[in-house]
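Reviewing the structure listed below.
So that the names make sense, note that chain A is the first sequence line, chain B the second, and so on, each numbered from 1. What you see is a predicted model, and the numbers here were worked out from it, not measured in a lab. FYI, side chains are in, hydrogens and waters are out, and symmetry mates aren't considered; it's all heavy atoms of this structure.
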Amino acid sequence: MPNAIELHGVTKRFGRQIAVDHLDLQVPEGTIYGFIGPNGSGKTTTIRMILRIFQPDQGTVHVLGKSNGTVADDRLGYLPEERGLYKRMKVREILRYYARLKGFYQCNAEIEDWLERLGASEWSNKRIDALSKGMAQKIQFISAVVARPQLVILDEPFSGLDPVNMEALRSAVLALRERGTTIVFSTHDMSMAEQMCDTIFMIFRGKKVLDGTLDAIQAQYPADRARAVLSENGALPQLAEVADVEANGRVLEFRMNNPSEPNHYLRQLMQSHTVESFQVIRPSLHDIFLRIARPEGYVEPDQSSTEVAR
Amino acid sequence: MRKILTIAWREYRAMVATKAFLISILMMPILMFGGLAAMSMLSSIGELKERRILIYGVEENPGLFESLQAAAEQENARKRQARETTSKATSNPRDDFASGPQELFNLEARNEQLDDAARAEISDQIRRGELYAFVELPPNLVTDNSGAGFKVNFYSQDSSLSEARRWLMQNLNRIVQESRLKLSFSDEQIHQIERARAPIMVAGLSLVERRGEEIQGAEEKSEMLDIFLPMGLMMLMFMVIFMAAQPMLETVLEEKSQRIAEVLLGSVSPTQLMIGKLLGTVAGSLTIFAIYMGGSYFAAQQRGWTEHLPLHLLHWFLLFQIFGVLFFASIFMAVGASVSQLKEAQSLLLPVWMVMMLPIFVWLLIIRDPLGPLAVGMSYFPPSISTTMILRLATNQAIPQLQLFTSLAVLIVSTLVIVVLAGRIFRVGILWQGNVPKFNQLLRWALRG
C-alpha cells in the first residue's frame with residue numbers, strides 16, 4: 001500500500017531545543033493513523049511539518065507523493081484542536097472560504113451535504129460565536145473535510161463533545177476512511193485511539209517510541225496486568241508487589257511486578273476476598289503511554305504494600 | 001493568485017461589511033471635526049444671548065452713550081435678521097466660520113461715580129447673573145483732543161475673551177474718533193479726511209494659471225479654506241490609514257489566538273496570506289476614501305462649494321494613501337502576530353502612534369511654511385510622509401517636483417522594506433505562543449526571518 005505520508009530522518013530544532021529528532025514515519029494511504037504523545041513531545045511540530053508550515057532542518061517530508069515544499073497540498077485538510085474559526089463569520093461563509101483556500105471553488109453542494117449529514121443545516125446562516133461548542137466542533141470538522149481532501153489531520157476532534165455529537169463525528173471519520181481518505185488522528189484519549197486507529201504512533205521528547213498496530217504495540221510489552229472481579233464491595237485488599245492499581249467498583253486492576261507468578265497475586269486476593277474471576281491481561285494503550293511518558297524520577301507507589309483506594 | 005484574491009475578499013468583507021465599520025465611518029469625522037462643527041452649530045442654534053451691560057461715566061461724555069446704544073441696536077437688529085434667514089446658502093465657506101457668537105447687547109446708562117465698594121457690589125450682581133458686565137468711561141473721552149491715551153475699563157467674568165468687549169472697543173473707537181473730528185472740522189473736511197483714510201484691502205490671490213494657450217486669471221483665496229482644507233485632507237488621510245490598519249491588528253490577533261492561522265497556513269504560504277490581507281486592507285481603505293469623498297462632494301454640491309474641492313489632488317491623495325495604508329497595516333500586522341492580546345499590542349504600538357500623529361502636532365507650522373525645513377524634513381520621514389505630503393500639496397504652494405517624487409520614492413521603498421520585515425515577523429510571530437517578544441527579539445525575527 002503506498003504511503004500518504006513519509007518522514008525520513010526528520011529533525012526540527014528551535015534554537016538549542018530539538019523538537020523532533022531523526023524521525024522516520026510512514027502513514028499508509030486509506031488508514032486511520034493515531035498520533036499520541038504528551039504535551040510538548042513534538043506532535044504539533046511534526047504535524048506542522050506535514051502541513052508545510054515548518055520546514056525540517058534535516059530529513060525529508062513526503063506528503064501525498066510530494067517532497068519538501070513551502071505550501072501545504074490542497075489535497076490535505078487540517079482540523080486544529082477546538083479553535084480555528086473566525087467568530088464573526090457565518091457558518092456557510094467560513095466553509096466556503098476554507099474550501100476555496102484549498103482550490104475547491106464549486107463547493108456549495110459539498111457544504112450542504114456535510115451540513116445535512118452532521119445535522120447542522122439549520123445553523124448555516126448563524127455566526128460562529130452563536131454556536132454551541134459541539135456545533136462549532138462539527139463546523140470545524142466540516143471545514144477540514146469540505147474540500148474532499150485525500151489526507152486529513154485531525155487534532156483532538158472529539159474534545160469537549162457530548163456522546164451524541166462524538167458518535168456523529170466518529171461515524172463521519174469512519175465514513176471518510178471508507179471513501180479512501182487517509183486520516184491522521186492526534187489525541188490524548190487513549191481509548192478512542194484504541195477503538196479507531198489502525199496504526200498508532202507515539203512521539204516522546206521528539207523521538208518515535210511506538211509505531212504499529214495496537215496488537216503489535218501491546219505485544220512489545222509483557223502481559224503484566226491483572227484484572228480481578230471481587231464478589232462484593234468491602235475493605236480493600238492489601239496487595240504486595242503491585243503498581244498502577246485502579247479500582248472501579250468490584251473490578252480491580254493492577255500491574256504485577258512479577259508477572260511470571262500470577263497465582264501469587266490471586267492467593268493474596270483470596271486471603272481477604274472472594275474472587276469471582278482473575279485474568280492476566282495485556283497493558284492497555286493508556287498503561288503503555290503512562291509507562292513511557294511518566295516523568296523521570298517519578299516514584300512508583302509503595303510496591304511492598306498498596307492499599308487500594310476506592 | 002486566486003487564493004490571494006480569496007483572502008483579500010474575506011479581509012475586505014471583514015473590514016467593511018460590519019456594523020462597527022458603519023459606526024466608525026460616521027463617528028470618526030464627528031470625533032475629529034466635531035469641535036469645529038459644534039462651534040458652528042452652537043452659534044447658529046438656540047436663543048440669542050442678551051448681554052446686559054451698565055455704562056458708567058455717561059454724563060461726562062455727552063452723546064457718547066446714545067451713539068453706542070444706536071450702534072448696539074443696529075448690531076442687534078442685524079443678528080436677529082441673520083437668525084431669521086437661516087437658509088445659509090452662502091457661496092463662501094468663510095462666511096459660516098466667521099459668524100461668531102450670537103449675543104444681543106443691552107446697554108444701560110449710569111451716572112454715578114464708582115468707588116471700590118460700588119465696584120464690588122456690581123461685581124456681585126454679575127456673579128449672581130443679574131447683569132453681564134459694567135464699563136467705566138473716563139471723563140472727557142470725546143472732548144479731549146490732546147492725543148492722550150485713554151483706557152476704558154470693562155468688567156466681566158470673561159472680559160479677556162468677551163465678544164461684547166471686542167464689539168465695544170471697535171465701536172467706541174469709531175464713535176469717539178468721529179466725535180473728536182466734529183469738534184475741530186467741518187462736515188466737508190471730515191468727509192475728505194474719511195476719504196483719505198479709506199482702508200486699503202490687500203487681497204490674497206492664487207497664481208495665474210497657464211493652460212496651453214489660455215491663461216486663467218487668478219482667483220481670490222479664502223483664508224479659511226487655506227487653513228481648513230489642508231487640515232481636513234490631512235485628517236482624512238489619518239482617518240483612512242487608522243481605519244484600515246486597526247482592523248488588521250484585530251484580525252491577525254484573532255487568527256493567532258483562535259489558531260485560524262494554522263488552518264490558513266495549511267492552505268497558503270505566509271507570503272500569500274500576507275499579500276491577500278494587505279490587498280483586502282488597501283481595498284477597504286479605498287472604500288473608506290470613496291465614502292468620504294462621495295459624502296464631501298455631495299455636501300459641497302448642496303452648498304455650492306464644489307469649486308473649493310481639491311479634485312486636482314485626488315491622484316496624489318490616492319497614491320500616498322495606498323502606500324501609507326500598506327506601510328502602517330504591515331506594522332500593525334507584525335505587531336498583531338507578535339502578541340496574544342490587544343492590550344499587549346498597545347504598548348508595542350505606542351511609538352508607532354506617536355510617529356503616525358507627528359504631522360497632526362505641527363500641521364499649522366507646515367501649512368504656514370510648506371517649503372520650510374520642517375515640512376521638507378517630515379516629507380522624507382517614512383511614517384509621516386503620507387500625511388505631511390497631502391498637507392503640503394493642499395496648500396497650493398508649488399512643491400518642487402524633485403521633492404514630491406523623492407518623497408514618494410522614499411515612501412514606496414520604505415513600504416516595501418517594512419512589508420518584507422513585517423512579513424518575517426508575521427511568519428514567526430503568528431505561530432509564537434510564548435511570552436510577548438521583546439523589541440530585540442522582534443528585530444531578530446525581522447532581520448533573520
Just so I know, are the side chains of A:I50 and A:L7 near enough to count as touching, which here means a heavy-atom distance under 4.5 Å?
yes
B:Q321 and B:S285: side chain to side chain donor-acceptor pair (under 3.5 Å), yes or no, with the steps?
CA-CA 8 Å; B:Q321 178 196 316; B:S285 78; 3.0 Å; yes
Spacing of OH belonging to A:Y98 relative to CD1 belonging to A:I111, to within rounding of 0.5 Å:
12.5 Å
B:S257 versus chain A, the contacting section by heavy-atom distance below 4.5 Å:
backbone
Cut-off 4.5 Å, heavy atoms of chain B, and the answer for A:Y86 is both
Measuring heavy-atom distances to chain A, does B:I7 have an atom under 4.5 Å in its side chain, in its backbone, in both, or in neither?
both
Chain A shares the most heavy-atom pairs under 4.5 Å, among B:E255, B:E254, B:R2, B:R13, with B:R2
Regarding A:R92 and A:S124, do their side chains bring together a donor and an acceptor under 3.5 Å, going by distance alone?
yes
Region of B:Q258 that comes under 4.5 Å of a non-hydrogen atom in chain A:
both
Checking the side chain of A:Y33 only, and the main-chain atoms of A:Q26 only, is there a donor and an acceptor separated by less than 3.5 Å?
yes
